[in-house]
There are 2 protein chains.
Amino acid sequence: MTNALTFAALADPTRREVFERLARGPLAVGDLAQGMPVSRPAVSQHLKILKQAGLVIDEAMGTRRIYRADRDGLAVLRAWLDGFRDNALDAYQAEIQRQMDERKNT
Amino acid sequence: MTNALTFAALADPTRREVFERLARGPLAVGDLAQGMPVSRPAVSQHLKILKQAGLVIDEAMGTRRIYRADRDGLAVLRAWLDGFRDNALDAYQAEIQRQMDERKNT
DNA sequence: TAAGAGCGTTAGTCATGACTTACCGTAAGT
DNA sequence: ACTTACGGTAAGTCATGACTAACGCTCTTA
């Protein structure tokens with residue numbers, strides 16, 4: 001259930017915008033905060049969460065710190081989505097339904 | 001930016017479990033709340049949010065109300081993900097990089 | 001070593017949201 | 001009509017999280 005971090009990270013609109021900007025190209029924190037409606041420390045905090053979720057990668061460049069989007073971090077989301085492709089889990093459905101009926105009879 | 005509702009809806013773990021259960025088969029609210037760590041009203045509130053996000057569909061069945069997952073609601077998520085497929089936006093990257101270098105030279 | 005740039009972190013505030021209990025409406029059965 | 005089942009809603013509580021201002025650390029340049 002490590003995808004919880006990914007979902008939580010992408011839940012915030014500001015964080016999604018940060019990620020989308022980084023997906024267009026690497027940026028330093030200051031340049032990233034430039035033109036955003038929130039302060040630079042706020043962006044820093046968002047970057048921390050995105051990093052924990054594996055969605056961004058940072059790299060020290062002198063006194064600046066360059067962030068870039070890590071598209072592989074989206075894999076867990078894709079995997080989760082693929083679990084709902086049509087009725088791939090229909091095999092479980094009968095079993096679950098059976099357990100439910102069982103519980104109902106008690 | 002209608003995907004905000006979808007992201008917000010799927011951000012909560014309890015709500016994801018509700019959706020996952022419904023994806024395995026339609027359920028009434030009571031049966032759904034059965035075996036979940038939260039109360040039935042809580043499930044009702046979650047269902048309301050999932051419905052607003054287009055992730056579930058409800059249908060009156062006598063005094064009961066049957067909910068089922070609507071997989072089409074995941075389309076907006078897929079679309080968002082597809083926007084990051086590899087480097088489809090690499091054209092922008094050079095431009096952004098150029099602006100960064102420009103700023104660095106001032 | 002001093003000074004400034006760039007960022008992360010801390011402390012504190014404020015809004016949001018997840019939850020429970022209690023209540024109310026509606027549909028079916030007696 | 002009365003009662004019971006089922007579920008949505010209201011009110012209130014508590015935790016979380018997004019944000020800002022202030023501070024401190026590290027790296028570079030003079």
Side-chain angles (χ1 to χ4, degrees), chain A residues 1 4-22 26-53 55-69 100-101 103-106, chain B residues 1 4-22 26-53 55-69 99-106:
Chain A
M1 195 89 57
L5 283 175
T6 307
F7 277 108
L10 294 176
D12 186 73
T14 304
R15 224 138 47 206
R16 282 201 301 278
E17 184 171 346
V18 166
F19 179 77
E20 291 167 5
R21 286 196 184 205
L22 290 180
L27 280 173
V29 180
D31 296 336
L32 186 54
Q34 191 79 353
M36 292 214 53
V38 296
S39 68
R40 184 195 51 76
V43 172
S44 256
Q45 293 164 1
H46 285 311
L47 286 171
K48 184 178 183 178
I49 295 180
L50 287 171
K51 184 179 175 181
Q52 289 173 346
L55 289 168
V56 300
I57 297 175
D58 62 331
E59 172 193 8
M61 271 276 291
T63 160
R64 328 219 315 173
R65 185 157 282 268
I66 308 300
Y67 280 83
R68 70 191 69 238
M100 275 188 20
D101 295 338
R103 181 173 9 223
K104 204 176 288 182
N105 293 340
T106 20
Chain B
M1 195 90 57
L5 284 175
T6 307
F7 277 107
L10 295 176
D12 186 72
T14 304
R15 224 139 46 206
R16 281 201 303 278
E17 184 172 345
V18 166
F19 179 76
E20 290 167 4
R21 287 196 182 203
L22 290 180
L27 281 173
V29 179
D31 296 336
L32 186 54
Q34 191 79 353
M36 292 215 53
V38 297
S39 68
R40 184 194 52 75
V43 173
S44 254
Q45 293 163 1
H46 285 311
L47 286 171
K48 185 178 183 179
I49 295 179
L50 287 170
K51 185 179 175 182
Q52 289 173 344
L55 289 168
V56 300
I57 297 176
D58 61 331
E59 171 193 8
M61 270 277 292
T63 162
R64 331 219 314 173
R65 185 158 283 267
I66 308 300
Y67 280 84
R68 69 191 71 238
Q99 293 181 7
M100 273 185 25
D101 296 337
E102 204 173 69
R103 188 182 350 240
K104 204 177 292 182
N105 293 339
T106 20

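Lettering follows sequence order; numbering is per chain, from 1.
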Expressed as a whole number of angstroms, how long is the span from [X]:[atom1] to [N]:[atom2]?
X     : N      : atom1 : atom2 : result
A/L47 : C/dC7  : CG    : P     : 10 Å
B/D58 : D/dC6  : CG    : C1'   : 14 Å
A/K48 : C/dC7  : NZ    : C1'   : 13 Å
B/L32 : D/dC6  : CG    : C1'   : 14 Å
A/L50 : C/dG8  : CG    : P     : 12 Å
A/E59 : C/dG6  : CD    : P     : 17 Å
B/I66 : C/dA27 : CD1   : P     : 15 Å
A/R65 : C/dC7  : CZ    : P     : 9 Å

Exercise. Would one find a side-chain N or O of B/Y67 under 4.0 angstrom from OP1 or OP2 of D/dC6?
Worked result: no
Exercise. In chain order, what residues pass the ring pair (Phe, Tyr, Trp, His ring centres under 6.0 Å) check against A/F19, with sequence neighbours excluded?
Worked result: B/F84
Exercise. Base, sugar-phosphate alone, or nothing: which one does A/A60 contact when heavy atoms must sit under 4.0 Å apart?
Worked result: nothing
Exercise. Looking at residues at least two apart in the chain, or sitting in another chain, which of them share a side-chain contact (heavy atoms from CB on, under 4.5 Å) with B/T14?
Worked result: B/D12, B/M36, B/V38, B/H46
For this session: Tell me, please, which residues at least two apart from B/Q52 pass side-chain contact (heavy atoms from CB on, under 4.5 Å).
Result: B/K48
Problem set entry | Gap separating the CG atom of A/D31 from the CD1 atom of A/I66, nearest 0.5 angstrom | 7.5 Å
Problem set entry | Annotated protein contacts, base or backbone, on nucleotides 15-30 of chain D with a non-hydrogen cut-off under 4.0 Å, one of B, S, - each | ---SBBBB----SS--
Seminar exercise, completed: For A/R15, the salt bridge (Lys or Arg N to Asp or Glu O under 4.0 Å) test, sequence neighbours excluded, returns none
Problem set entry | Which residues share a side chain to side chain donor-acceptor pair (under 3.5 Å) with A/R40, sequence neighbours left out | none
